[in-house]
Amino acid sequence: MNRYDNPVVEKTPQNKPYWKGKSYPNIPPSESDVYVITNVGDRLDLLAFQYYSDTTLWWVIAMANNNSTKGLMYPEPGTQLRIPTNLNAVLALFNNFNLAR
């Protein structure tokens with residue numbers, strides 16, 4: 001499952017279709033989370049592949065570290081990032097968050 005699955009198309013009051021964006025939940029810290037210090041060349045998608053075997057899950061790391069990544073795909077070298085390890089719980093939060101909208 002990734003954030004690009006099952007896009008939602010809605011219509012404006014003028015009946016024009018548009019893609020409804022996804023929303024992302026806050027990811028609470030867990031005792032099982034892994035912490036890494038970034039090096040030169042680290043990218044969120046590459047870290048997602050390393051830990052989740054899926055580059056499209058970069059947003060999980062971004063949301064868990066939204067103050068540290070500053071919206072960038074390339075975190076500054078030496079930045080400590082939290083890598084959530086309970087991916088099923090994070091994806092369930094994401095799904096519930098977007099189904100409720």
Side-chain angles (χ1 to χ4, degrees):
M1 191 315 286
N2 73 56
R3 70 191 191 119
Y4 303 108
D5 289 342
N6 306 316
V8 176
V9 177
E10 293 198 353
K11 296 199 177 200
T12 66
Q14 295 79 26
N15 207 29
K16 288 188 166 192
Y18 68 94
W19 295 95
K20 183 175 179 182
K22 300 286 184 180
S23 294
Y24 301 94
N26 290 326
I27 300 172
S30 169
E31 289 183 12
S32 65
D33 291 345
V34 172
Y35 290 84
V36 299
I37 304 296
T38 59
N39 294 307
V40 173
D42 280 345
R43 292 190 336 228
L44 299 183
D45 59 338
L46 298 177
L47 291 168
F49 184 76
Q50 180 180 345
Y51 288 92
Y52 308 134
S53 300
D54 187 343
T55 58
T56 65
L57 294 175
W58 63 269
W59 62 268
V60 172
I61 299 170
M63 290 306 298
N65 298 280
N66 58 1
N67 292 332
S68 299
T69 59
K70 302 175 187 149
L72 301 174
M73 198 67 146
Y74 294 87
E76 274 188 45
T79 302
Q80 178 177 298
L81 294 180
R82 178 171 61 97
I83 310 291
T85 57
N86 192 348
L87 190 56
N88 289 333
V90 171
L91 295 177
L93 276 174
F94 174 78
N95 289 332
N96 290 337
F97 199 70
N98 282 285
L99 289 176
R101 294 182 28 180

Student: Could you tell me which non-hydrogen atom of P25 sits nearest to which non-hydrogen atom of M63, and how far apart they are?
Tutor: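 In terms of heavy atoms, the two residues are closest at O-CE, 3.7 Å.
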Student: Group every Ile, Leu, Val, Met, Phe, Trp and Tyr by side-chain heavy-atom contacts under 4.5 Å, then state whether I37 and Y51 land in the same group.
Tutor: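 Different hydrophobic clusters.
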Student: Taking only residues two or more places apart in sequence or in another chain, which ones pass side chain to side chain contact (heavy atoms under 4.5 Å, CB included) with P29?
Tutor: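 If we apply the side chain to side chain contact (heavy atoms under 4.5 Å, CB included) test to P29, skipping adjacent residues, the hits are D33, R82.
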Student: Please report the closest heavy-atom contact between I27 and A64, naming both atoms and the distance.
Tutor: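 Looks like CD1-N, 4.1 Å.
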Student: How would you list, by chain and number, every residue that makes a side chain to side chain contact (heavy atoms under 4.5 Å, CB included) with D42, sequence neighbours excluded?
Tutor: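 D42 satisfies side chain to side chain contact (heavy atoms under 4.5 Å, CB included) with T38, N39 once adjacent residues are dropped.
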Student: Step by step, work out the side-chain contact (heavy atoms from CB on, under 4.5 Å) result for W58 and F49.
Tutor: CA-CA 8 Å; W58 63 269; F49 184 76; over 6 Å; no
Student: Just distance, no hydrogens or angles: give the donor-acceptor pairs under 3.5 Å from side chains in residues 83-93, sequence neighbours left out.
Tutor:
{"from": "T85", "atom 1": "OG1", "to": "S32", "atom 2": "O", "distance (Å)": "2.9"}
{"from": "T85", "atom 1": "OG1", "to": "S32", "atom 2": "OG", "distance (Å)": "2.8"}
{"from": "N86", "atom 1": "OD1", "to": "A89", "atom 2": "N", "distance (Å)": "3.3"}

Student: Going by the rule side chain to side chain donor-acceptor pair (under 3.5 Å), which residues pair with Q14 if we only count those two or more places apart in sequence or in a different chain?
Tutor: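 T12.
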Student: Do M73 and L57 land in one hydrophobic cluster if side-chain heavy atoms of ILVMFWY residues count as linked below 4.5 Å?
Tutor: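 Same hydrophobic cluster.
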Student: In the single-linkage hydrophobic clustering (I, L, V, M, F, W, Y; side-chain heavy atoms under 4.5 Å), do V60 and Y74 co-cluster?
Tutor: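 They do share one cluster, since a chain of ILVMFWY contacts under 4.5 Å joins V60 to Y74.
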Student: Side-chain heavy atoms under 4.5 angstrom apart, residues restricted to Ile, Leu, Val, Met, Phe, Trp, Tyr: same cluster for Y35 and L46?
Tutor: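 In one cluster: no.
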Student: Once side chain to side chain contact (heavy atoms under 4.5 Å, CB included) is applied, do any residues pair with Q50, and if so which ones, sequence neighbours excluded?
Tutor: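 So Q50 forms a side chain to side chain contact (heavy atoms under 4.5 Å, CB included) with L47.
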Student: Considering non-hydrogen atoms only, spot the tightest contact between D54 and T56 and give its length.
Tutor: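 Closest heavy-atom pair between D54 and T56: OD1-OG1, 2.6 Å.
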Student: Start with the C-alpha gap between I61 and Y52, add the side-chain angles, then the distance that decides, and say whether side-chain contact (heavy atoms from CB on, under 4.5 Å) holds.
Tutor: CA-CA 10 Å; I61 299 170; Y52 308 134; 4.1 Å; yes
